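Atoms within each ligand, like the ligands themselves, are counted from 1 in listed order. From a predicted model like this one, the values you see are computed outputs, not experimental measurements.
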Amino acid sequence: MDILGWNIPLWLILILLVVIIWYWHATKYFGVFKKYGIPGPRPIPGFGTFIQTMMHPKGVFGLDLDLKKRYKANVIGDPAMIFFDPEAVKQITVKDFNSFTDRRSTGVTEYPVNQMITVLKGDEWRNVRHQVSPTFSGKKLRRMTALINRCAHHLTSNLEEVAKSGDVFECKEYAGAFTMDVIASTCFNIDVNSKNDRNNIFVRMTKRLFNFSIFNPKLIIFLCFPFIVPYLSKLGFSVFDPKCIHFFVDVFDKAVKYRQEHPDESPNDFLNMMLKASESHSDHEADSDEDALPETKHNNQCLRSLSTGEIIGQSLIFFFAGYETTANAVTLTIYNLAVNPDTQEKAYQEIMDIIPEGEDPGYDDLKKLKYLEMCLLETIRMYPPGPQFDRECVADTEVKGIKVPKGMFVIVPVHALNNDPEVWPNPEQFDPERFTEEAKKSRHPFQYIPFGIGPRVCIGQRLAIIEAKVALVHVLRSFKVLRCDKTQVPIKLMKIRAEAVNGVWLKLEKRE
Ligand code: HEM
């Protein structure tokens with residue numbers, strides 16, 4: 001092409017155009033921070049603070065707090081807006097939820113990942129959330145407690161062998177097998193002992209799905225350049241391992257068809273509950289649920305039954321969201337109790353006082369285990385499995401005097417809120433007493449939000465707490481968990497995941 005007398009090849013012009021569009025897209029909000037005097041590090045176009053996160057010795061578990069300290073501000077531009085003030089978080093997640101309904105777009109268009117509740121937006125999200133929320137009600141979870149206990153028996157019998165051998169063991173391997181068993185049985189009524197049954201195709205595919213490095217180029221593109229992902233999807237690019245996705249879609253698809261053809265065989269699992277919801281959206285079993293999840297406000301006209309694609313998408317996200325998060329919470333609670341033997345003894349005594357000997361803990365017993373819950377809550381304060389979550393602003397909104405323009409991404413820094421030394425003295429110290437009723441009342445309720453908050457709060461929050469408590473009851477009453485030479489204290493976490501870099505190595509002593 002001839003431009004001002006220069007003969008420039010067309011391909012070069014196309015590349016330049018792509019670079020200019022990308023640069024414009026990646027920097028379009030930088031000026032907003034200057035205009036409103038919002039401080040923050042100089043972001044690298046496209047990468048945001050990804051590189052700073054990777055360079056920071058503690059990754060996301062240190063950078064946000066350092067930024068707050070460095071800029072002495074309650075909001076930072078990085079190039080998303082990070083709000084450290086719990087009142088601002090309340091406004092974003094609850095009061096002005098309609099302006100911040102959606103998560104940041106991932107650009108994923110491939111089926112059925114694009115049907116998962118985590119990526120759905122606006123009315124599509126409202127509809128799915130409204131249909132799926134009742135499947136996690138207290139009444140339904142009560143029925144599932146027996147299934148969870150069955151999985152905990154697999155866990156203790158696997159640990160029994162470790163205790164007998166006297167060897168050290170890597171705790172996440174066992175906790176991960178437990179949470180995988182729980183998902184397989186609560187979602188699909190499959191009884192699997194993942195730790196023993198390593199060749200089970202379910203186990204192999206789930207492990208493969210989670211076995212990614214953050215230096216994986218696909219993940220970097222997904223995190224830093226989401227706006228090009230839809231175009232790459234059209235060219236067959238897939239962020240997830242396509243073999244795993246095909247495997248799960250096939251399994252879920254067959255399960256849905258089988259259940260539709262055999263309505264009499266209806267186990268009490270999530271899949272069946274979603275199928276019921278898909279038959280009639282108004283047919284949710286009435287549930288007097290004392291601690292129900294927040295209701296989503298919806299436009300009745302947008303309410304419709306779940307499609308098969310949506311059911312498959314939700315089955316997939318229950319796997320993604322439920323496996324790692326809860327496995328890390330259980331592992332790190334056991335770690336904290338192993339390195340704090342007095343606290344472990346107190347939790348053990350509580351279990352012995354409340355749960356009748358030789359019996360499985362029931363739903364109501366679990367609620368009474370207040371001290372055990374304090375240990376769990378304190379662990380996920382220190383090491384939140386979701387260290388940040390985000391929202392996309394869909395309408396210009398003023399948050400605590402700061403104008404947030406439409407299209408801006410907003411980050412809620414869960415870890416920084418849970419570890420701010422001005423609110424939590426000695427935040428690196430494990431202290432379950434921070435969660436007594438009095439201590440909780442003395443803090444802003446939005447200062448501790450490891451499961452998110454508001455209408456988009458973690459849908460599996462109560463399942464996760466029940467699951468973790470069941471595992472802890474079975475483990476602690478059967479064994480004394482001890483630190484060993486291989487236990488790393490203090491623990492070093494991965495840069496963006498609440499998972500120990502070198503694993504959590506411990507020892508067991510059988511209790512009489
Ligand atoms: C310790 C365990 C867990 C932690 C710390 C955790 C944390 C979170 C967080 C921080 C969010 C984002 C909330 C927001 O944006 O406001 C979330 C969302 C979600 N979680 Fe969890 N989670 C856990 C376990 C589970 C389990 C067991 C399941 C399901 C079976 C689950 C399913 C989901 C789903 C589906 C969403 C998206 C909700 C929506 O977009 O409407 N999570 N979780």
Side-chain angles (χ1 to χ4, degrees), residues 60 89-90 92-94 97 100-104 106 113 115-122 124-133 135-136 140-141 144 148 151 175-176 178-188 269-271 273-274 293-296 298 310 313-333 373 376-392 409-415 417-418 446 448-472 497-499:
V60 71
V89 173
K90 184 173 178 178
I92 291 162
T93 52
V94 178
F97 180 72
F100 298 97
T101 315
D102 304 333
R103 293 212 173 83
R104 180 182 174 152
T106 52
V113 179
Q115 302 291 311
M116 297 189 318
I117 191 170
T118 38
V119 301
L120 289 179
K121 294 182 176 231
E124 283 199 348
W125 168 76
R126 283 187 178 84
N127 183 56
V128 171
R129 177 89 193 198
H130 179 76
Q131 305 287 354
V132 175
S133 280
T135 54
F136 289 87
K140 310 266 167 53
L141 292 176
M144 293 207 171
I148 302 174
C151 302
F178 164 73
T179 56
M180 200 185 298
D181 294 355
V182 171
I183 300 167
S185 61
T186 54
C187 288
F188 312 105
D269 58 15
F270 286 125
L271 182 59
M273 291 181 213
M274 283 195 287
L293 292 164
E295 252 303 308
T296 39
H298 51 79
E310 282 167 338
Q314 304 337 305
S315 306
L316 204 58
I317 187 58
F318 293 167
F319 244 94
F320 283 7
Y323 164 62
E324 273 271 297
T325 47
T326 318
N328 286 333
V330 170
T331 304
L332 294 165
T333 307
E373 183 160 320
L376 176 67
L377 297 181
E378 170 66 347
T379 301
I380 51 181
R381 177 195 69 76
M382 298 168 79
Y383 317 119
Q388 293 182 329
F389 62 85
D390 60 42
R391 296 284 187 267
E392 184 174 338
F409 299 129
V410 166
I411 289 182
V412 177
V414 174
H415 176 267
L417 285 161
N418 294 357
F446 283 62
Y448 180 72
I449 46 171
F451 292 96
I453 201 150
R456 208 147 188 172
V457 66
C458 172
I459 210 166
Q461 172 174 357
R462 279 184 298 159
L463 170 66
I465 292 181
I466 291 174
E467 202 181 326
K469 279 172 136 181
V470 168
L472 293 167
R497 279 155 76 173
E499 180 165 359

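- Between A321, C187, S133, G386, it is A321 that holds the heavy atom closest to atom 25 (C) of ligand 1.
- Shortest contact from atom 24 (C) of ligand 1 to any protein heavy atom: T325 OG1, 3.4 Å.
- Interface of G322 with ligand 1, defined as ligand atoms under 4.0 Å from a residue heavy atom, comprises 26 (C), 27 (C), 28 (C).
- Inter-residue side-chain proximity for Q388 and V414 is flagged as unmet; no heavy-atom pair is nearer than 4.5 Å.
- Comment: E324 engages R497 in a salt bridge, judged by a side-chain N to carboxylate O separation of less than 4.0 angstrom.
- Ligand 1 has R103 within reach: a non-hydrogen atom of the residue lies less than 4.0 Å from it.
- Protein heavy atom closest to atom 36 (C) of ligand 1, with residue, atom name and distance, is T118 CG2, 4.0 Å.
- A heavy-atom distance below 4.5 Å is not found between the side chains of H415 and M382.
- Proximity of the aromatic rings of F136 and F270 is defined here by a centroid distance below 6.0 angstrom, and this criterion is met.
- Using 4.0 Å as the threshold, I117 has a heavy atom nearer than that to some atom of ligand 1.
- With a 4.0 Å cut-off on non-hydrogen atoms, F451 touches ligand 1 through its backbone as well as its side chain.
- If you check which protein heavy atom lies closest to atom 34 (C) of ligand 1, you get I459 CG2, 3.8 Å.
- Regarding atom 7 (C) of ligand 1, its nearest protein heavy-atom neighbour is P450 O, 3.5 Å.
- Looking at heavy atoms from C-beta onward, F100 lies out of side-chain contact with T93 at the 4.5 angstrom threshold.
- At a heavy-atom cutoff of 4.0 Å, ligand 1 is contacted by the backbone of I453 but not by its side chain.
- For the pair T101/R126, a side-chain contact is recorded, criterion being any heavy-atom separation below 4.5 Å from C-beta on.
- Annotation for ligand 1: atoms under 4.0 Å from non-hydrogen atoms of P385 are 5 (C).
- Residue G452 has at least one heavy-atom neighbour below 4.0 Å for each of these atoms of ligand 1: 10 (C), 13 (C), 16 (O).
- Closest protein heavy atom to atom 16 (O) of ligand 1: R391 NH2, 2.8 Å.
- When hydrogens are left out, the protein atom nearest atom 39 (C) of ligand 1 is R129 NH1, 3.5 Å; that is the closest non-hydrogen contact.
- Distances below 4.0 Å separate heavy atoms of A464 from the following atoms of ligand 1: 2 (C), 24 (C).
- Short contacts between ligand 1 and W125, defined as distances under 4.0 Å to a heavy atom of the residue, involve ligand atoms 39 (C), 40 (O), 41 (O).
- Distance from atom 22 (N) of ligand 1 to its nearest protein heavy atom, with residue and atom name: C458 SG, 3.1 Å.
- A donor-acceptor contact shorter than 3.5 Å is absent between the side chain of Y448 and the backbone of L417.
- A donor-acceptor pair under 3.5 Å is absent between the side-chain atoms of N418 and the main chain of P384, judged by distance alone.
- For Y323 and F178, the ring centers are positioned 6.0 Å apart or more.
- Judged purely by atom type and a 3.5 angstrom limit, Q314 uses its side chain to pair as donor or acceptor with the backbone of E310.
- Between V412 and R391, the closest side-chain pair of non-hydrogen atoms is not below 4.5 Å.
- In terms of protein heavy-atom proximity, atom 13 (C) of ligand 1 is closest to R456 O, 3.5 Å.
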